[in-house]
Amino acid sequence: MPELPEVETVRRTLENLILNKRVTKIEVRYPKIIQTDVSDFNRILGQKIHRIDRLGKHLIFILDHDVLLIHLRMEGRFFLRDKDTALNKHEHIGFQLDHKQVLIYHDVRKFGTMHLYSIETYLSESPLAKLGAEPMTMDVNSLYDQVSKRKTEIKAILLDQTVISGLGNIYVDETLFRAKIHPTRLGISLSKLEVENILMAAREVLHKAVLLGGTTIRTFEAMDGVHGRFQNELLVHTKVGEPCPVCGTTIIKMKVKGRGTYVCPRCQN
DNA sequence: AACGAAACCTGCGCGC
DNA sequence: TGCGCGCAGGTTTCGT
């Protein structure tokens, strides 16, 4: 599902629901989600959830001594239910909280991941160690330095989480449309001003999307019943065959590095 | 070093 | 109705 705005929506929702609760039981039905030894994973038992952070698309549960890192990938979702309700199909992990409720991890495609690290080391371990800055804190010069030395298409560069974190397929399309840059332009071909326009557009898009609770496309909900409203603000993504909101030219869909990509062939060049 | 394709999974919609 | 194919908001791994 999720790019930065959707993960932020999940984070805020969870923050209101499970903060300061203690994990009293864990049920793991599909262990491959867990990248840590399952025996180590049981260290979570008895620990309290003190804080829920987010970096890029990663959810970060701060516990007493450890940190649980969760990546929802394409379709990971959470549900909160009363305990003693059995896990259904596609529900792979259950965290019982305070002997009362269960936080359920639901993931049809089973792509999601969880890592457990000590609170001292998690920032320098695998998923977070190489993560790039988010658009809101990214420095223009730093982004230009990285982009201008790459001979790959700009869309692929913006999807590279080690360069800049939080953007995915939807928001990259929306960002490049607003910056009037074609997704197949090579990084090395972009001027400083163009990179600056891209960064400003990314900030604007993400800011607005966070305010609206993210984008709901297909089946994604932040949590059970929590829908985003940014899909009403999409200008190009999913708009194939429709007129460009700026110039009226028909929006086309193409493949860029294997990803479905929506572009106005007139505005973006 | 850097890039692209394949792999990880399942379900859905489409054309035949 | 059934089958096969392509597609899906992400990332890692493998081969070139």
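Residue numbering restarts at 1 for every chain, and letters A, B, ... go by the order of the sequence lines.
One can place CZ of A/F111 at 5 Å from C1' of B/dC9, the figure rounded to the nearest angstrom. The interatomic distance linking A/D107 (CG) with C/dT11 (P) rounds to 13 Å, in whole Å. Atom CG in A/L159 sits roughly 15 Å away from atom C1' in C/dT12 (whole-Å rounding). At whole-Å resolution of the value, NE2 in A/H71 and P in C/dT12 are 8 Å apart. For A/H106 and B/dG11, the NE2 to P distance is 10 Å, given to the nearest whole Å. What separates CZ of A/R77 from C1' of B/dT10 is a distance of 14 Å, to the nearest Å. At whole-Å resolution of the value, NZ in A/K151 and C1' in B/dC3 are 7 Å apart. A straight line from OH of A/Y262 to P of C/dC7 spans 11 Å, rounded to a whole angstrom.
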### Task
Could you walk me through whether A/M254 and A/H182 pass side-chain contact (heavy atoms from CB on, under 4.5 Å), step by step?
CA-CA 11 Å; A/M254 58 189 297; A/H182 198 282; 3.8 Å; yes
### Task
Take A/V210 and A/M136 through the test side-chain contact (heavy atoms from CB on, under 4.5 Å) and record every step on the way to the result.
CA-CA 12 Å; A/V210 167; A/M136 301 312 282; over 6 Å; no
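The gap from the P atom of B/dA6 to that of C/dG6 amounts to 12 Å, rounded to the nearest Å. A distance of about 23 Å separates the C1' atoms of C/dA8 and B/dC3, rounded to the whole Å. Nucleotides C/dC3 and B/dC9, compared at atom P, are 24 Å apart to the nearest Å.
No option in A/L158, A/V263, A/V256 other than A/L158 meets the side-chain contact (heavy atoms from CB on, under 4.5 Å) test with A/L176.
Ionic pairing of A/R73 and A/D107 is not present here: no N-O contact between side-chain nitrogen and carboxylate oxygen is shorter than 4.0 angstrom.
At C/dT11, one or more side-chain N or O atoms of A/K57 fall inside 4.0 Å of OP1 or OP2 (strictly under the cut-off). One finds a side-chain N or O of A/K89 lying less than 4.0 angstrom from the OP1 or OP2 phosphate oxygen of B/dG11. Put simply, A/K110 has a side-chain N or O that comes within less than 4.0 Å of OP1 or OP2 on B/dT10. When the side-chain nitrogen and oxygen atoms of A/Q161 are compared with OP1 and OP2 of C/dT11, one or more of them lie within a distance under 4.0 Å. For the pair A/R259 and C/dC7, the criterion of a side-chain N or O lying under 4.0 Å from OP1 or OP2 is not met.
Using a 4.0 Å heavy-atom distance criterion, A/G258 is classed as making no nucleic acid contact. Heavy atoms of A/K130 sit nowhere under 4.0 angstrom from any nucleic acid atom. Counting any heavy atom pair closer than 4.0 Å across all strands shown, A/Y30 reaches sugar-phosphate atoms only and no base atom.
Among the nucleotides C/dG10, B/dA2, B/dC8, the one closest to any side-chain atom of A/T152 is B/dA2. Closest to the A/K255 side chain, of the nucleotides C/dC7, C/dT12, B/dG4, is C/dC7. You'll find that the side chain of A/H90 is closest to B/dG11, out of B/dG4, B/dG11, C/dT11.
Pairing of B/dC9, defined by two Watson-Crick or G-U wobble distances under 3.5 Å, is not identified with any nucleotide. Judged by Watson-Crick or G-U wobble contacts below 3.5 Å, the nucleotide C/dT1 has no partner.
No side-chain N or O of A/K180 forms a donor-acceptor pair with one of A/N269 less than 3.5 Å apart.
Annotation: A/F95 is not in aromatic contact with A/F61 [ring centroid separation under 6.0 Å not met].
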